Amino acid sequence: MRFLFVHGTGVRRARHDVLFGRVRDRLIARFPGATVSSCYWGDRFGAELSTGGVSVPGVRRTRGAGEDVLTTAPPDVVPAQWLLLLTDPLCEVRVLAEAGWESSGDFTLPGVRSAGSEVLGLLAGLPPAPDRSDEFGALLRDTGLFGGFAGALERVAGSQEAARAGRNATEDGHARELATALARAVVADALAAAGPEADCTGDERDRLVQLVVTRIGGDARMPGGRAAAVLGRLALRVTTQPVLNVWRGSFTTGSAPFIGDILRYQARGEALRDLLRERIAQEPEPTVVIGHSLGGIALVDLLALSAARGEPVPDVRLLVTVGSQAPFLYEMGALTGLAPGEGLPPGFPRWLNVFDRQDILAFLAEPVFPGDARVSDHEVSSGQPFIPCHSAYFKLDSVYDRIAHAVAETT
């Protein structure tokens, strides 16, 4: 069995090598003896802003994330909370700074540091460049947050909100809640700074928070507390437009390849499809092709166009699209390989479409090809809001488990 991985939007060489290494290792673990290769196309066919993004109104440095718009049902509270934290990492700390705590009336000796001051001191004392060999440093590196951690730590520890909240936290219980809010703020700031380069699941994010909490005198078992509850209720009511306004500059300019690669492919995609055909045909053995995001669009186009011409791409047994926009483009009449209303042609392989409902760049394939037994959707969840969830698929065991199941059904 042979696997060919095709990366998605915004990926360039360094990111590709990390991502492909992960995919290769996970697939070989499930399919010993399999051949796993990739088709890297980012440098050759990827998009760049030729004039630095001067066409974007109000370009400025921002942070944030979008929200789930795939369903009319309310999003889960945890992703909703992190949506707000990515938009404003200090939002929970600000609640504690403004609202304060009910005091138990315990007397505090003059000159003795408050519980909150102790937490702030420990936070400021964290090393800006953690040891890469311990769990915390290794996890920062593996999630793409290592480079931005120092800046996130400095911004949170030096904020006025943290100082005010620290003065308000006069008791041990207050300090534990403050430690949790500060840890979430640091991790959120690092995630926001990383943007599309973040490579983090919800479990990894939560583990990072726990590790920071334990280092600054908090209780890793303690949930977000009152501030998190307030922000959770607010998050469930937040609309997309303010978040999109916050994101516009960084998303359109600093993250231009993320969208630009799709636009460039739509205009000049034939060369990439030719490259994919060439790579698939290199080895005459049954092949599973796996396309992430734009990689899935290009594969659907190639396989549909080839099959419609009566020249199916040889030996492709299974197509796997992950976080792909192909079904949505088909509905809009913007999919090169198929016009709206056209079914998948004879010779098109079985198609497994993997999606996360928090990923606004992922769409369902089954409903747009009703009755076609070759097409199946499979939902997974990384526990992250958009954008981090779009990059987290290939860290999830459930993705590889479903691929293994589909391969077994196909062979």
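Bear in mind the structure is a predicted one, so any value in this text is a computation, not a measurement.
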Heavy-atom closest pair, residues D377 and P367:
OD2-CD, 3.5 Å

On a heavy-atom basis, the closest approach of A157 and A124 is CB-CA, 4.4 Å

For E270, does the CD atom have more than 12 heavy-atom neighbours from other residues, nucleotides or ligands under 6.0 Å away?
no

Flag, side chain of T214 to backbone of L211, donor-acceptor distance under 3.5 Å
yes

Side-chain donor or acceptor of D356 paired with backbone N/O of S382 under 3.5 Å:
yes

F146 and P130, any side-chain heavy atoms less than 4.5 Å apart
yes

Are the side chains of T9 and Y265 in contact, using a 4.5 Å heavy-atom criterion?
no

K395 versus D142: any side-chain heavy-atom pair under 4.5 Å?
yes

Applying the side chain to side chain contact (heavy atoms under 4.5 Å, CB included) test to V186, which of I216, V156, L208 qualifies?
V156

Got V407 and I403 here, is their nearest side-chain heavy-atom distance under 4.5 Å?
yes

Sidechain-backbone polar pair: H16 side chain, G42 backbone, donor-acceptor under 3.5 Å:
no

Grab the two heavy atoms, one from V209 and one from R184, that are nearest each other, plus how far apart they are.
CG1-CG, 3.8 Å

State, without any angle test, whether S293 and H390 hold a side-chain donor-acceptor pair at a distance under 3.5 Å.
yes

List the steps, then state whether side-chain contact (heavy atoms from CB on, under 4.5 Å) holds for R279 with L276.
CA-CA 5 Å; R279 291 300 307 277; L276 292 177; 5.7 Å; no

So which atom in V300 and which in A326 form the shortest heavy-atom distance, rounded to 0.1 Å?
CG2-CB, 4.0 Å

Determine yes or no for a side-chain-to-main-chain donor-acceptor pair under 3.5 angstrom, with E92 supplying the side chain and L85 the backbone.
no

Taking it one step at a time, do Q325 and F363 satisfy side-chain contact (heavy atoms from CB on, under 4.5 Å)?
CA-CA 6 Å; Q325 305 84 50; F363 296 88; 4.1 Å; yes

Test applied, salt bridge (charged side-chain N to carboxylate O under 4.0 Å, His left out); reference residue, D397; option that passes from R30, R22, R402
R30

Does any pair with a residue in residues 327-344 pass side chain to side chain donor-acceptor pair (under 3.5 Å), and if so which ones, sequence neighbours excluded?
none

Centroid-centroid under 6.0 Å between Y40 and F20 rings:
no

Please lay out, stage by stage, how D315 and E285 fare under the test side-chain contact (heavy atoms from CB on, under 4.5 Å).
CA-CA 6 Å; D315 294 318; E285 60 179 308; over 6 Å; no

Quick one, E197 with R15, criterion salt bridge (Lys or Arg N to Asp or Glu O under 4.0 Å). Give me CA distance, side-chain angles, the key distance, then yes/no.
CA-CA 8 Å; E197 296 302 314; R15 168 73 179 133; 5.1 Å; no

Roughly how far apart are D189 CG and L145 CG, rounded to 0.5 Å?
10.5 Å

For the backbone of A47 and the side chain of D261, can you confirm whether one donor and one acceptor N or O come within less than 3.5 Å of each other?
yes

Side chain to side chain donor-acceptor pair (under 3.5 Å) partners of residues 362-373, not counting sequence neighbours, each pair once:
D372-R374

Has Y393 got a side-chain atom pairing as donor or acceptor with F355's backbone, closer than 3.5 angstrom?
no

T321 and N353 side chains, donor-acceptor separation under 3.5 Å:
yes

Assess whether atom CD of E154 is packed by more than 12 heavy atoms of other residues, nucleotides or ligands within 6.0 Å.
no

Test: R24 cationic atom under 6.0 Å from F5 six-membered ring centre, within 45° of axis
no

Under 6.0 Å from the CZ atom of F328, do we count more than 12 heavy atoms belonging to anything else shown?
no

In sequence, state the C-alpha distance, the side-chain angles, and the governing distance for T201 and D203, and then conclude on side-chain hydrogen bond (donor to acceptor under 3.5 Å, both in side chains).
CA-CA 5 Å; T201 67; D203 289 341; 5.2 Å; no

Are F149 and F136 close enough that their ring centres sit under 6.0 Å apart?
yes

Taking C-beta and beyond as the side chain, do F348 and V375 meet within less than 4.5 Å on heavy atoms?
no

With a 4.5 Å heavy-atom cut-off, do H378 and H405 have their side chains touching?
no

Could you check if a side-chain atom of F31 sits within less than 4.5 angstrom of a side-chain atom of V288, using non-hydrogen atoms only?
no

Should D88 and L84 count as side-chain neighbours, where that means a heavy-atom distance under 4.5 Å?
no

